[in-house]
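Below you'll find the structure, written out as structure tokens, and then a few comments.
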Amino acid sequence: MDILIRRLKPAEYDALGEITAQAYLTDGLLDFGESDWYLGELRDVARRAAAADVLVATQGEHLLGGVTLVPSGGPMADIARPGEAEIRMLAVAHEARGRGAGEALVRACVDRARATDGCVRVVLSTQRTMHSAHRIYERLGFVRVPERDWNPIPELPDITLLTYELTL
């Protein structure tokens, strides 16, 4: 059965929030575990959907994962500059990994960015340990841009996020 990428439905907000939260927790991506402030952001899909495009990967009736695409800046953008779309919070349920859902979500973001007037680039931030995601980005033509690496919590110097970009 094929993977379908589509916009998230409001009835799926909680399910995607939990998939995203569990992916980050299980992969050890939250420095403070269950008490990490970012966990609330990951679960707050309604807020993301109100400010950006939230896409999901489904297979039949099963929600496999999702991603947030911030087109041309906006309140959800962390690093996007004018003319850039930003990919955020890509997550695939552990039991669904290895089926191509993550890559399909990133491809859909790139396609949407290409269809956006004035968008010339797609950018994203990723943690150093997200090696599977790095392979997807590089396979799709994203390149590292070390000069744009940044730290979301400056008082914790070891939390530098890596930046990738794709020129459209």
Test log, rule side chain to side chain contact (heavy atoms under 4.5 Å, CB included), inputs Leu166 and Arg121: CA-CA 6 Å; Leu166 174 70; Arg121 192 173 299 109; 5.9 Å; no
For the [atom1] atom of [X] and the [atom2] atom of [Y], what is their distance to the nearest 0.5 Å?
{"X": "Thr58", "Y": "Leu4", "atom1": "OG1", "atom2": "CG", "result": "4.0 Å"}
{"X": "Leu124", "Y": "Met89", "atom1": "CG", "atom2": "CE", "result": "13.0 Å"}
{"X": "Glu95", "Y": "Gln22", "atom1": "CD", "atom2": "CD", "result": "10.0 Å"}

Glu12/Arg6 ion pair, N-O < 4.0 Å: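 Yes, Glu12 and Arg6 are salt-bridged.
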Residues Glu41 and Arg48 bridged, charged N to O under 4.0 Å: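 Answer for the salt bridge query: no.
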Pairwise salt bridge (Lys or Arg N to Asp or Glu O under 4.0 Å) hits with a residue in residues 124-143, at least two apart: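 Listed by first then second residue: Glu103-Arg139.
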Salt bridge (Lys or Arg N to Asp or Glu O under 4.0 Å) partners of residues 63-79, not counting sequence neighbours, each pair once: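 Passing the test, one end in residues 63-79: Asp78-Arg88.
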4.5 Å side-chain heavy-atom contact, [X] and [Y]:
{"X": "Ile87", "Y": "Tyr164", "value": "no"}
{"X": "Asn151", "Y": "Ile153", "value": "yes"}
{"X": "Leu39", "Y": "Tyr24", "value": "no"}
{"X": "Val110", "Y": "Phe142", "value": "yes"}

Residue His62 excluded, over 12 heavy atoms near NE2 under 6.0 Å: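 Check fails, neighbour count at 12 or below.
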Asp14 atom CG: more than 12 heavy-atom contacts under 6.0 Å: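 Incorrect, the count does not exceed 12.
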Under the side chain to side chain contact (heavy atoms under 4.5 Å, CB included) test, residues paired with Ala15 that sit two or more places apart: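 In terms of side chain to side chain contact (heavy atoms under 4.5 Å, CB included), with neighbours along the sequence ignored, Ala15 is linked to Leu63.
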Backbone of Leu29 reached by a side-chain donor or acceptor of Gln127 within 3.5 Å: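 Side chain of Gln127 to backbone of Leu29: a pair is present.
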N/O donor-acceptor pair under 3.5 Å between Glu86 side chain and Val70 backbone: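 Not confirmed, Glu86 side chain does not pair with Val70 backbone.
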Aromatic ring pairing His131/His134, orientation class (parallel under 30°, perpendicular over 60°, tilted between):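 Perpendicular.
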Verify same cluster id: Ile5, Val67 (apolar side-chain graph, 4.5 Å):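 Per the 4.5 Å side-chain linkage, Ile5 and Val67 are co-clustered.
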same_hphob_cluster(Leu16, Leu69) at 4.5 Å side-chain heavy-atom cutoff: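 The answer is no; the residues belong to distinct hydrophobic clusters.
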Test side chain to side chain contact (heavy atoms under 4.5 Å, CB included) applied to Ile79 and Leu161, step by step: CA-CA 11 Å; Ile79 62 169; Leu161 298 178; over 6 Å; no
Single hit among Arg81, Arg148, Arg144 for salt bridge (charged side-chain N to carboxylate O under 4.0 Å, His left out) with Glu165: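 With Glu165 as partner, salt bridge (charged side-chain N to carboxylate O under 4.0 Å, His left out) holds for just one option, Arg148.
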